[in-house]
A.B. asks: 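One structure is given below, represented as structure tokens, and several questions about it will come after.
Counting starts at 1 for both ligands and their atoms, in listed order. Everything numeric here is computed off the predicted structure, so don't read it as measured data. Computation of the quantities below employed the complete heavy-atom set of this structure, encompassing side-chain atoms and omitting hydrogens, waters and symmetry-equivalent molecules.
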Amino acid sequence: MATSLLSTINKSDDLRRLTQEQLRQLSDEVREFIIYQCSLNPGHLGASLGVVELTVALHYVFHTPADKVIWDVGHQAYAHKILTGRREAFHTNRCYGGISGFPKTSESEYDAFGGGHSSVSVSAALGMATAAKLRGSDEQAIAVIGDGALSGGLAFEGLNNAGASKANLLVIVNDNNISIDKNVGAVHEFLMRITTSAGYNRFKLNVWNFFGDNRFRRFMQKVINRIKKGVFRVHNLFEILGFRYFGPIDGHDIEQLIKKLQALKKMEGPKVLHVITKKGKGYKPAEDNQTEWHAPGIYDKETGERFSKEGPPRYQDVFGETLVELAEQNPKIVGITPAMPTGCSLNLMMEKMPGRAFDVGIAEQHAVTFSAGLATAGMIPYCNIYSSFMQRAYDQVIHDVALQNLQVVFCLDRAGLVGEDGATHHGAYDLAYFRCVPHLVIFAPMNEIELRNMLYTAQLPGMPTIVIRYPRGCGVGLNRKQPFEQIEIGKARLLNDGELLALLSIGDIGNKAAAAVARLKEEGIPVAHYDMRFLKPIDTDVLHSVGQRFSKVITVENGCIKGGLGGEAAEFFTANNYNVNVVRLGIPDRFVEHGTIAELQAECGFDEEGIYRTIKAANL
Ligand SMILES: Cc1ncc(C[n+]2csc(CCOP(=O)(O)OP(=O)(O)O)c2C)c(N)n1
């Protein structure tokens, strides 16, 4: 592949030597490079294609890495990585031992702030701008935030603080008119209005051209703002928050971007530049179906054909289908997702029952308290949040739901190690952080039937707050056409009996444990294997029986070792004076990076082989 210019760019200085004509060529090469690389090694394609010109312009105008660019979420930073020394390594993107799919401060000095979770950029940039001022430095801080990420509460907190502080920061709103799914909310509508109000924008441009960039213009801007509001009835949210607003401009027009950024660089104070881009820009399949091509998996670059692996239904689909089935029978059921309808399959209910399933935007805290409100009024909300994003809404679960003992069903998708998204996205902590909350029932299904039955059980009258956590990926392939059965709260299952030691597992990792136990059985090593199912309330009958029968217990969980099932079991045995040696398998007390789920489970020692070896070692 001819990458004549791109192959010469290893740092931002290299790029600053190019002419504007060459910058355009460079953008084309970067785009082609991303399309090619992602076809072989999957990643977040659409968002990265949309900001190629913006990335080139930012590194051209600002003195990165001294000036700080903070990419919100960070899934759109591929061009940034490729242009700042990671082109050669890019084929290892998201692979085990390779570079991260998100900005990472330990990976490059150009990654000013680590990313993965949404809506952090304004606060981080404000912190950097404030520090620069305190240090007497003229380093610039630039937050690049998407229209989707702008729906997150944290972004508003940052804007609110920044606008009033008069700090010197630039917020670039990368408006591609879509989140992963359709963008939702009033801010989205405001962006649409301001973008499509031709009269307003023509008026603003004329004013800019007429007065130029000087003090008189700033004075005139105040006068003009009043006229704008009166004549065009567009109240600018950013201006209300104390920012000077510029745009909207075409985010694929590199000359215009450079001109505008150069002007803004000289301007003190909090500023917003509103940039219009197209998600998937330059690759037709990705432009045409932006949700599917957000992270498309591998594909044929020429034909746009995507290759997905056949397998049993994914847990997320079992959730989505089952919820529709239950909601058809129970009119109290409603569904809630903070911006992940396709990711968690609530889109199935949104299509069938649009009035009863809600995408509330990237707003986990709100999703939980909104669910609480619904529950107080007699509805039964199924609030689906990825485990790692639920970290955002911890207090809402405690204060707004558990404390009031509300019948809300929290479905935590992507619980456990999630693979290629890495440390920011692993659902490592939910078992530990929810175990200590009173009133909660915490359940993890070992297969799709268990998931279905628990979703069914959770809506029965009088049920408490229930947390159901399940992993990314496929179930075990059981026939789902079976009548629902109520699951007894707090009851474990004995899967295999044996005398040597007891193995306690929770959730789908129990299937790996069962395979290891079966291998050991063939070798004449008898292990008693319990699928605990509930972390809370834990089955104390089973734990007493285990405490009486065994001196060695191994616990296995797809969650952090500190504070989860292993901790619960060890505390129980100590508190009840059982002399039991507990070996705990799970996610160790460090951040686990990216790779396939299989690679990461092996690294942590709780894949089938790891469990097998641990039992063998305990047997010695
Ligand atoms: C706290 C949090 N919730 C949900 C997500 C999942 N997520 C990743 S990207 C994304 C959409 C972001 O939309 P936008 O900011 O408009 O960026 P675009 O992908 O359109 O470029 C979402 C919801 C996340 N990363 N963090």
A.B. asks: Among all protein non-hydrogen atoms, which one is nearest to atom 23 (C) of ligand 1, and what is the separation to 0.1 Å?
C.D. replies: I362 CD1, 3.5 Å
A.B. asks: How far is atom 9 (S) of ligand 1 from the closest protein heavy atom, and which atom is that?
C.D. replies: H75 NE2, 3.7 Å
A.B. asks: Identify the protein heavy atom lying closest to atom 4 (C) of ligand 1, giving its residue, its atom name and the separation to 0.1 Å.
C.D. replies: F389 CE1, 3.4 Å
A.B. asks: Do H80 and D111 have a side chain donor and acceptor closer than 3.5 Å?
C.D. replies: yes
A.B. asks: Side chain, backbone, both or neither: which part of D147 has a heavy atom under 4.0 Å from ligand 1?
C.D. replies: both
A.B. asks: Which residue supplies the protein heavy atom nearest to atom 14 (P) of ligand 1, what is that atom called, and how far is it?
C.D. replies: G148 N, 3.5 Å
A.B. asks: Can you tell me if H294 has a non-hydrogen atom under 4.0 Å from ligand 1?
C.D. replies: yes
A.B. asks: Counting non-hydrogen protein atoms only, what is the nearest one to atom 15 (O) of ligand 1? Give residue, atom name and distance.
C.D. replies: A149 N, 2.8 Å
A.B. asks: Under a heavy-atom criterion of less than 4.0 Å, does G116 contact ligand 1?
C.D. replies: yes
A.B. asks: Where is the nearest protein heavy atom to atom 10 (C) of ligand 1: which residue, which atom, and how far?
C.D. replies: I180 CG1, 3.5 Å
A.B. asks: Does R590 come within less than 4.0 Å of E603, counting only side-chain N to carboxylate O?
C.D. replies: yes
A.B. asks: How far does CD of E599 sit from CD of E593, to the nearest 0.5 angstrom?
C.D. replies: 13.5 Å
A.B. asks: Parallel, tilted or perpendicular: which fits the ring planes of H44 and Y78, with parallel below 30° and perpendicular above 60°?
C.D. replies: tilted
A.B. asks: So is M340 touching ligand 1 or not, going by heavy atoms under 4.0 Å?
C.D. replies: yes
